[in-house]
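First up is the structure itself, then whatever we jot down about it.
Remember, it's a predicted structure, so these values are computed and weren't measured experimentally. We're numbering straight along the sequence, starting at 1.
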Amino acid sequence: MCEKTDKQYELDKRYLRMALIWAENSYCKRRRVGALIVKDKMIISDGFNGTPSSFENICEDENNVTKPYVLHAEANAITKVAASSNSSKDATIYVTSAPCIECAKLIIQSGIRRVVYSEKYRVEDGCNLLMRAGIKVDYIELNEK
């Protein structure tokens with residue numbers, strides 16, 4: 001649970017709800033995930049899970065298995081900010097699902113200092129790695145699901 005002030009907690013919930021809405025842009029059928037990177041109370045990047053640019057917008061194969069080249073929401077948001085003039089150093093990433101270990105590595109390398117997520121995942125390797133790296137990790141349950 002978030003241990004920040006009530007004002008920060010309410011702001012965190014708003015950004016998470018925005019990430020949840022952003023997840024609606026995903027073409028993935030099995031799971032839709034959204035992410036926002038926020039720095040100094042400004043959204044500097046966004047992302048949702050899906051295929052790379054110029055690929056077909058089909059995330060699952062004929063057996064409903066996610067294709068191996070589908071990008072996670074965090075990866076899309078981080079690569080998007082990397083291609084801009086913004087910096088994710090000391091930013092917060094809001095993501096609708098707990099980061100996997102691969103996204104956790106990207107978060108660490110990008111300089112993001114805080115992760116806020118609203119849905120737990122069966123594997124906690126990503127969150128554990130983030131905490132090991134000294135990144136603040138907050139779980140906030142949203143009732144709007």
(request) Would you indicate whether the side-chain heavy atoms of Lys13 and Ile140 approach each other to under 4.5 Å? (result) yes

(message) Just to verify, which of Arg31, Glu119, Glu74 counts as forming a side chain to side chain donor-acceptor pair (under 3.5 Å) with Ser97?
(response) Arg31

(message) Less than 4.5 Å apart, side chain to side chain, heavy atoms only: is that true for Tyr94 and Arg14?
(response) no

(request) Specify the closest pair of heavy atoms between Tyr27 and Cys59, including all atoms of both residues, with the distance to one decimal. (result) C-SG, 4.0 Å

(request) Report yes if the side chains of Lys39 and Ser87 come closer than 4.5 Å at any heavy-atom pair, otherwise no. (result) yes

(request) Mind checking the CG-CD1 spacing from Leu16 to Ile21? Nearest 0.5 Å is all I need. (result) 11.5 Å

(message) Can you confirm whether Tyr69 sits close enough to Thr51 that some side-chain heavy atom of one is under 4.5 Å from a side-chain heavy atom of the other?
(response) yes

(request) Mind checking the CD-CG spacing from Gln8 to Asp138? Nearest 0.5 Å is all I need. (result) 9.0 Å

(request) Kindly indicate whether the side chain of Tyr117, heavy atoms from C-beta on, has any atom under 4.5 Å from the side chain of Cys127. (result) yes

(message) Please check this pair: side chain of Asp61 against backbone of Asn63, looking for a donor-acceptor N/O pair closer than 3.5 Å.
(response) yes

(request) Of all the heavy-atom pairs spanning Gly50 and Asn76, show the shortest one and how long it is. (result) N-ND2, 4.2 Å

(message) Could you walk me through whether Val33 and His72 satisfy the side-chain contact (heavy atoms from CB on, under 4.5 Å) test, starting with their C-alpha distance in whole Å, then the side-chain angles of each, then the deciding distance to 0.1 Å, before giving a yes or no?
(response) CA-CA 8 Å; Val33 180; His72 289 188; over 6 Å; no

(message) Which residues pass the side chain to side chain donor-acceptor pair (under 3.5 Å) test with Asp46, not counting sequence neighbours?
(response) Trp22, Lys80

(message) With a 4.5 Å cut-off on side-chain heavy atoms, are Val70 and Cys28 touching?
(response) yes

(request) Could you tell me whether a side-chain N or O of Ser26 sits under 3.5 Å from a main-chain N or O of Asn49, the two making a donor and an acceptor? (result) yes

(request) Using a strict 4.0 Å threshold on nitrogen-to-oxygen distance, state whether Glu10 and Lys7 make a salt bridge. (result) no

(message) Once rounded to the nearest 0.5 Å, what's the spacing between atom CD1 of Ile135 and atom CD1 of Ile107?
(response) 7.0 Å

(message) Show the nearest heavy-atom pair for residues Ala19 and Leu36, with the distance to one decimal.
(response) N-CD1, 3.8 Å

(message) So, taking the atom named CD1 in Ile37 and the one named CD1 in Ile112, what distance separates them when rounded to the nearest 0.5 Å?
(response) 4.0 Å

(request) Over all heavy atoms of both residues, which pair between Arg30 and Glu60 is shortest? Give the atoms and the distance, please. (result) N-OE2, 3.0 Å

(request) Return the set of residues passing side chain to side chain contact (heavy atoms under 4.5 Å, CB included) with Asp90 (not counting sequence neighbours), or none when no residue passes. (result) Arg113

(message) Working to the nearest 0.5 angstrom, can you tell me the gap between Arg17 CZ and Asp12 CG?
(response) 10.5 Å

(request) Would you name the heavy atoms of Ala77 and Ala35 that are closest together and state the gap between them? (result) CB-CB, 4.3 Å

(request) Tell me, yes or no, whether the heavy-atom count around Lys67 atom NZ, taken from other residues, nucleotides or ligands under 6.0 Å, exceeds 12. (result) yes

(message) Could you report the tightest heavy-atom contact between Thr96 and Arg32, atom names first, then the distance?
(response) OG1-O, 4.1 Å

(request) Working to the nearest 0.5 Å, report the span between CG of Leu130 and CD1 of Ile108. (result) 5.0 Å

(request) Look at the side-chain heavy atoms of Ile, Leu, Val, Met, Phe, Trp and Tyr, link any pair under 4.5 Å apart, and say whether Val123 and Leu129 land in one connected group. (result) no

(request) Using the rule that two of Ile, Leu, Val, Met, Phe, Trp, Tyr join whenever any of their side-chain heavy atoms come within less than 4.5 Å, decide whether Leu71 and Phe48 are in one cluster. (result) no

(message) Quick check against the 3.5 Å criterion: does Ser110 have a side-chain atom that pairs as donor or acceptor with the backbone of Ile78?
(response) no

(message) In the structure I gave you, are the side-chain heavy atoms of Ile43 and Met18 within less than 4.5 Å of one another anywhere?
(response) yes

(request) Examine Tyr121 and Ile101 and state if one hydrophobic cluster contains both, with Ile, Leu, Val, Met, Phe, Trp and Tyr joined whenever side-chain heavy atoms are less than 4.5 Å apart. (result) no

(request) Decide if atom CG of Asp40 counts as having more than 12 heavy atoms of other residues, nucleotides or ligands within a radius under 6.0 Å. (result) no

